[in-house]
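Take a look at the structure set out below.
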Amino acid sequence: MFVLPKSLKPVKNHYCPGCGHGIVHRLFAEIVDELGIREKMIAIAPVGCAVFGYFYWDFDTLEAAHGRPPAVATAIKRLMPEKVVVTYQGDGDLIAIGGNECLHAANRGENITIFFLNNTCYGMTGGQMAPTTIPGQKTTTTAQGRTSLDGNPIKVCELISSIDYVTYVARTSLHSPENILETKRAMKKAIQNQIDNKGFSLVEILSMCPTSWKMEPYDAMKYIENVVSKEFKLGVYKDRK
Amino acid sequence: MFVLPKSLKPVKNHYCPGCGHGIVHRLFAEIVDELGIREKMIAIAPVGCAVFGYFYWDFDTLEAAHGRPPAVATAIKRLMPEKVVVTYQGDGDLIAIGGNECLHAANRGENITIFFLNNTCYGMTGGQMAPTTIPGQKTTTTAQGRTSLDGNPIKVCELISSIDYVTYVARTSLHSPENILETKRAMKKAIQNQIDNKGFSLVEILSMCPTSWKMEPYDAMKYIENVVSKEFKLGVYKDRK
Amino acid sequence: MIKLLKGNYALVEGAIKAGIDAYFGYPITPQNEITEYMSIRMREEGKLFFQTESELASINMTFGAAVIGKMAMTSSSSPGISLMQEGISYLIGCELPCVIVNVQRGGPGLGNISGSQGDYFQAVKGGGHGDCKMICLLPASVQEMYEMAIKAFYLAFKYRNPVFILTDGIIGQMLEKVDLLSLEDVLKNQFKNLSVDDYKKMFDASSWALTGCEGRDSRFIRSLYMNEGELTKKNTLLLEKYKKMEQELDWEEELISDAEVVLVAYGISSRINKDACILARKSGLKVGCFRLKTAFPFPSNRLKEIARTRKILVVEMSMGQMLEDVKLAVDGVNTVDFYGISGGDLPEVNVILEKIKNMLSR
Amino acid sequence: MIKLLKGNYALVEGAIKAGIDAYFGYPITPQNEITEYMSIRMREEGKLFFQTESELASINMTFGAAVIGKMAMTSSSSPGISLMQEGISYLIGCELPCVIVNVQRGGPGLGNISGSQGDYFQAVKGGGHGDCKMICLLPASVQEMYEMAIKAFYLAFKYRNPVFILTDGIIGQMLEKVDLLSLEDVLKNQFKNLSVDDYKKMFDASSWALTGCEGRDSRFIRSLYMNEGELTKKNTLLLEKYKKMEQELDWEEELISDAEVVLVAYGISSRINKDACILARKSGLKVGCFRLKTAFPFPSNRLKEIARTRKILVVEMSMGQMLEDVKLAVDGVNTVDFYGISGGDLPEVNVILEKIKNMLSR
Amino acid sequence: MSSNRINFKEDFCKSCGLCIKHCPFGVLEFSTSFNAFGNHYVKQVDGKDCKGCGRCYIVCPDCAIEVLHD
Amino acid sequence: MSSNRINFKEDFCKSCGLCIKHCPFGVLEFSTSFNAFGNHYVKQVDGKDCKGCGRCYIVCPDCAIEVLHD
Amino acid sequence: MRKHIVISGYGGQGIMLAGGILCQAASIERKNSTFFPSYGAEVRGGAAKCQVIISDEYIGSPILKDIDIFVCFTSMALKKYSSYVKENGIVLFNSDMVSNDETNVLSKNIKKIFVSANTLADSIGNVLFANVVILGAFIKNINILQKTSVISAIKEAFASKKKQVLDFNLLAFEKGYNL
Amino acid sequence: MRKHIVISGYGGQGIMLAGGILCQAASIERKNSTFFPSYGAEVRGGAAKCQVIISDEYIGSPILKDIDIFVCFTSMALKKYSSYVKENGIVLFNSDMVSNDETNVLSKNIKKIFVSANTLADSIGNVLFANVVILGAFIKNINILQKTSVISAIKEAFASKKKQVLDFNLLAFEKGYNL
Ligand SMILES: Cc1ncc(C[n+]2csc(CCOP(=O)(O)OP(=O)(O)O)c2C)c(N)n1
Ligand SMILES: Cc1ncc(C[n+]2csc(CCOP(=O)(O)OP(=O)(O)O)c2C)c(N)n1
Ligand code: SF4
Ligand code: SF4
Ligand code: SF4
Ligand code: SF4
Ligand code: SF4
Ligand code: SF4
Ligand SMILES: [Mg+2]
Ligand SMILES: [Mg+2]
């Protein structure tokens, strides 16, 4: 049976056709249902296309300032360790403006979970270059394609997994049903780690932004398969026992 | 002949007895003299005990907001690539409040040089815990000694050297004349790299803060040798050809 | 219990007496004593002390604690408070309670670490974007650092809005006797009529906080209102709330009735005014003192009333910030004189006396 | 050259006409057109376009460019500008020139992305710590977005102080005819008497900028003044500078002479006022318009003069911010009425007319 | 007839086509008519049997498809 | 006499003692009198020969010692 | 002459582009024209709206009320703005998105024009051309701008795109015009 | 009674500690007392200063002028504050840091007390005790606080330190007192 999870409100979402956010939203809700933690959830929506996460998830959710979800999550988890605290962040949010909060939460080994949706651009503001934009990729601020003068792609998994105090880091993708299911497994593990008090987990999910990429949704999936996942290699970067 | 370098103003400094800042200030000036770049220098003093760097260095120097020297340096170097742009930062400045600016400058591979003085505490504000404080170390905010609940030491060299676009990363120490000379070699190389347009170089220098550590200066050196350099391993972490 | 304490310590004791759950801070002079003493006292009390990686983290962690209904505080000094402006605007937009303390130092920029009053505009007019208002408390003694901390938490929860304590490096670092009164006694001093029970009840956040949706519908907390007219509606409600806050107005006046000149100030300047007032009275000059204990709400009506028949001298450690609010209050019924000193130095009693004489001879 | 352009684009063209060396920006609606168009135009001009990692980086990179004497600009919208407050205070403290643009949106918090005027206090009173003042320009058309960008750079270097352009999402995003005049013509419009040569000379920073100490003594630039009295001395000089800035006062008035009610506003609200004014005149009401082109300096004297014999209605897209400056100016010589709407919606002409009628019948 | 029932939430469908591309059995196609939002929503090809593999559900970003095993 | 001259800038010395600890030849000691800042500044032990190795200069955080090879 | 045009629908329907083209066309005819967008650039899929004022006189600011011409892409837009349309105003509907019944909320004196824009756009290959189809119908039915100037404006709007894109859009325009 | 005491020298000389002890001693005697530091906690090695006011009446704020008792640790401090000392005021000097000649700037009516505090402190083992040595001389020579209350205050100040540290400080106090 493949039916709408309970933790997802039965409403139409605002995302563009073929956007990966919708898929990850559903996976998140499925996992919450499967783990039976809906009533323990405190989720943090980012500033980014997913800002309205609270219109879709049927559990307690808040909207943090741009880039600050890991700081907000730290405070919540420390004060209510029995809750499950998850941040959902885009690449602009997590590693452009919010790089320091992410780095410090990771280095402290906070017992929180970060879902990091990497769509190689700032979707919400109209498709500008993000720290994760692929070299050569055209965006509204790199009309000729990104060059190294504009900065280089930041590899969040590689960077964060180099920190001793981090528990689990994985990069997955949405470019096929198999990869989506793999993504779900990684996300579930990242939450299970928190429930088991294992510490900081982060899952980076390569996601389609057909609008900013100016591609048909299926082509966007192919683009992840052929280009994005070549720059950002999939895999488990850290799995501390 | 061991005499005051030209690039150092012949004035008494304000540092506490036995403070490592004075040594690094001199090394910096010696290197500038040796490379003959005094007239090309634009140095950036941090907010920290070294804020008054401009009272000592006899080359153009400015005072940046707390933690932002790498951003300031980026702008200067991009606009005046023929100058030599160096930031001098403490651990609070570089990796607490300023972690994001450092991370992004490094990931962009900016052609700048960072001298990072790690004294495992916030000297200027009275010896509070820093991100680099050693586990167990007593500070004015960790009276019982730092525990992992207070956060774990951030390993700047390990972290920054994991970034592909970084050129040179080394950790040295001031705990003996030999180590001081080694520090000088690393600092000099980090500036030479910039002159040679090789990109981002960072030298982390383990330094004494006898005041915050509540130790005699010589004991502070021994503490680096026996404790600090065990947590923060010395060596060249990256040297890209 | 009477003790000799620094203002910053007394503030910590007040917060603990209030029942604070969490403190977030990043070191900065001249408020380090708060962070340092909190690191000891909060651990003793089994509460959360957290040294943050930056002021951005401080204010956003405070936001996190507030979202789940905890009693949270952060403190800093001028440059650090500037960094918090976005976060403060979010707290106000999301209608979340917390206490924010600014132990002001000299500015602009890195400035210096003396006490100063250069951040009045930022605190009172809104340094953050959008129409931001916070009740702003103005302690002038170590005793008030203790008592106003207790008051601040209550007001924050009463209005679900940050409450700002605007003090400075001198009040924060001076050592002076303080009576660490019981909660009951503080409430007597600071509120007209509030029982310990009612005080404590105010902190029940179960009707709005995010604590997991067990036994109720899921909730969310946000400040984004994209639909046409939605934010305007929201802001109209905020405006009504700000109006209600005006009932928290508080000030103190001395020797006003027969005064020809009234000295107006807050915080440490008000103590200098009092020194000057005592001296002036000794030499036969009819001088009174008006001290603000809240900057928002502002005692406009009372000041206008006073000004109708008395000259006003505003004394402030800035280029003239609260001055504008005084002028707005006085609304042209009388001239308002000013003595300001910006940059961390203190106003001098002699200069005040000189000014008074000039005013009287005009 | 007459073109149909968005306000945000016109601003970019103005900056380029001025000779801008470097632009730093982080995306945020409703100012993205500035960042995006800069990314194209600056590259075309061989100048530095830099997309930063955050607004903190934006303002501090702008600081870096200013320190070496370059003509630098950054832009953002409300939440991003809040994050810049510490940096702005540093720029002022270090006496560095640059242009900062706020394309205001609805607040507080994340608010919304419509045009708004909720950041007036922050821009004009000082959202940063310490006594911060910046000349604040208020474009009301696409044409002025172009011309004021050109003006802003000159004033920034003239006073070695940031100049603030306070506009909003509507002005920024609307498409309207603009005449991309030559520098000479813009200078004619915006300055009493300034030649292109004198304009360009102002940007010579060799006497103060840090460019390496070749052929001169080494220099430093700082905002920390720790010795007793040092910062107070420094701030006294700043105050004098602020006083000098008052000569840059600029405003526009229409149909004032016989008016019984004068509508006061800036930016997009002033255009609504004008619509209302036209309608009012058509129905025989004696209404005039007063539009501020600078918020600091503020046209206090003129407004007081006007108010002596005319009623004032302030129209603002906030809860009442510029209103306070108008009241301060009017200084009680007349009442000041207010129509404010906070949250990104526009004032309505009908409501303005209603208010006017009420005022006239009082 | 198949024992798997597909539940289409027509108004949720944004015509992204991902389900169509990923159905291994060519069960899905666009309708020619529009839903309330002007999109050609997805429907089942007449006579084609759904195998209940769920791939359409998995890739749909809009929860516009549910697959029920009767 | 040695051919190396040590140039003490007495007023710069903060009595940290690092030079004394690091001189391999025991050439340095604290004076008993104070400099203008109340510190026992460093001086050469009477009759001890400086080898000119420069270690004292290298470790001195205050540039209070220069070593000159004549 | 002063015409206040409102175009409203969802983000992604080309609302802004259509408004911009009208504004540009007016400008080509040397009329005063101003375009005020109000969009969810920070939120996809939400409501989008723009206003175009074409006038011989000074153009102040957009006032939502007193709409002369309302181009309505969705029923949500109809609900929101129908009450602001002037007596004797005109409403153009995308009749693939708004049902005839719904339009009864409009008062009798308002002229209604129905364009099955999606269907027509579909026939060119993509519903996304619906905005330009409606523009065609607009220009044919409402006498404020010349066809030639609108075509020029369309050409300018797609100048930086592939020639094919322009051609499809010109075709869409003609489809609407020749309805 | 109202006494305005200023203590000034460099950071690291224990200026603040000395002031705090005086303030605490006054408090033990149930006098009003307030201590105002003004230090370079953000800048080591710079000038440090504190003010203590002991009074029977209301204590407002520190006013730099009108100093009753000035405890002067360095010649820089002397230059800065000498002109603020009242007629008939008292100045205590650390004579190891300030030369006799320099003190001539003070007017005739000001009483000078010289304490070779560094030398005395040295004899206990560390110049850092100089501040407490001077406190001893202060209490012996100036009749505003009881020796016993100052000793209590010293004990409180070092309560959390090792016993040995307290003992050295008590010794330093006696050295100054018995000068
Ligand atoms: C302080 C601040 N700066 C900038 C913005 C504008 N802004 C909104 S979302 C966003 C980035 C969105 O990109 P990302 O985080 O990658 O999320 P996506 O939309 O791509 O999912 C930006 C810059 C803001 N709201 N606040
Ligand atoms: C925005 C801001 N926050 C905090 C401070 C206070 N502050 C000054 S220096 C400093 C840290 C100093 O530590 P570090 O960078 O390690 O330098 P050190 O003094 O140890 O050499 C802090 C937190 C400040 N000046 N500005
Ligand atoms: S802009 Fe990109 S990320 Fe945002 S909703 Fe559209 S497709 Fe998704
Ligand atoms: S506090 Fe530490 S780092 Fe600062 S000057 Fe003193 S010894 Fe050096
Ligand atoms: S469940 Fe499988 S077979 Fe059935 S429609 Fe979906 S993808 Fe096709
Ligand atoms: S994947 Fe979903 S939204 Fe996309 S076409 Fe299929 S049913 Fe419609
Ligand atoms: S140069 Fe060498 S031998 Fe001479 S004093 Fe210094 S350390 Fe000793
Ligand atoms: S190292 Fe320098 S400061 Fe330290 S004792 Fe020797 S000479 Fe003096
Ligand atoms: Mg993104
Ligand atoms: Mg440090």
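Just so you know, these numbers use all the heavy atoms, side chains as well, and skip hydrogens, waters and symmetry mates.
Only the side chain of D/Leu56 comes within contact range of chain C, with heavy atoms under 4.5 Å apart. With a threshold of 4.5 angstrom between heavy atoms, C/Leu328 approaches chain D through its backbone and through its side chain. Contact of C/Cys132 with chain D is made through the side chain alone, with heavy-atom distances under 4.5 Å. Only the side chain of D/Ile341 comes within contact range of chain C, with at least one heavy atom under 4.5 Å from a heavy atom of that chain.
At a threshold of 4.5 Å between non-hydrogen side-chain atoms, the residues C/Glu55 and D/Glu86 do not count as touching. Within the 4.5 Å cutoff, the side chain of D/Ile113 has heavy atoms near those of the C/Met226 side chain.
Among C/Ile81, C/Ile92, C/Leu239, C/Val333, the residue with the largest count of heavy-atom pairs under 4.5 Å with chain D is C/Leu239. With respect to chain D, the highest number of heavy-atom pairs below 4.5 Å among C/Glu324, C/Gln104, C/Lys327 belongs to C/Glu324. Among the candidates C/Gly107, C/Gly93, C/Gly111, the residue making the largest number of heavy-atom pairs closer than 4.5 Å to chain D is C/Gly111. Considering only heavy-atom pairs separated by less than 4.5 Å from chain D, the leading option among C/Gly80, C/Gly332, C/Ser77, C/Gly109 is C/Gly109. Of the listed residues (C/Gly128, C/Gly87, C/Gly106, C/Ser114), the greatest number of heavy-atom pairs within a distance under 4.5 Å of chain D belongs to C/Gly128.
Counting only distance, with no hydrogens or angles, the side chain of C/Asp131 and the backbone of D/Ser318 share no donor-acceptor pair below 3.5 Å. Looking at C/Asn235, its side chain never comes within 3.5 Å of a backbone N or O of D/Gly344 through a donor-acceptor pair. D/Ser89 contributes no side-chain N or O that, together with a main-chain N or O of C/Pro108, makes up a donor-acceptor pair within less than 3.5 Å.
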Show me, pair by pair, the donor-acceptor contacts under 3.5 angstrom made by side chains of residues 115-124 of chain D, not counting sequence neighbours?
| residue | atom | partner | partner atom | Å |
| --- | --- | --- | --- | --- |
| D/Ser116 | OG | D/Gly118 | N | 3.2 |
| D/Gln117 | OE1 | D/Ser269 | OG | 2.6 |
| D/Gln117 | OE1 | D/Met317 | N | 3.0 |
| D/Gln117 | NE2 | D/Tyr266 | O | 2.9 |
| D/Gln117 | NE2 | D/Ser269 | OG | 3.2 |
| D/Asp119 | OD1 | C/Gly130 | N | 2.8 |
| D/Asp119 | OD2 | D/Ser78 | OG | 2.6 |
| D/Asp119 | OD2 | D/Asn102 | ND2 | 3.0 |
| D/Tyr120 | OH | D/Asp325 | OD2 | 2.7 |
| D/Gln122 | NE2 | C/Gly127 | O | 2.6 |
| D/Gln122 | NE2 | D/Ser82 | OG | 3.0 |

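Contacts of C/Asp345 classified as salt bridge (Lys or Arg N to Asp or Glu O under 4.0 Å), with partners at least two apart in sequence or in another chain: none.
If you take NZ on D/Lys125 and CD on C/Gln321, they are separated by 9.5 Å, rounding to the nearest 0.5 Å.
Taking both residues in full, the closest heavy atoms of D/Tyr90 and C/Leu110 are given as OH-CD1, 3.1 Å, listed atom of the first, atom of the second, then distance. Annotation for C/Asn112 and D/Leu224: closest pair CA-CD1, 4.2 Å, computed over non-hydrogen atoms.
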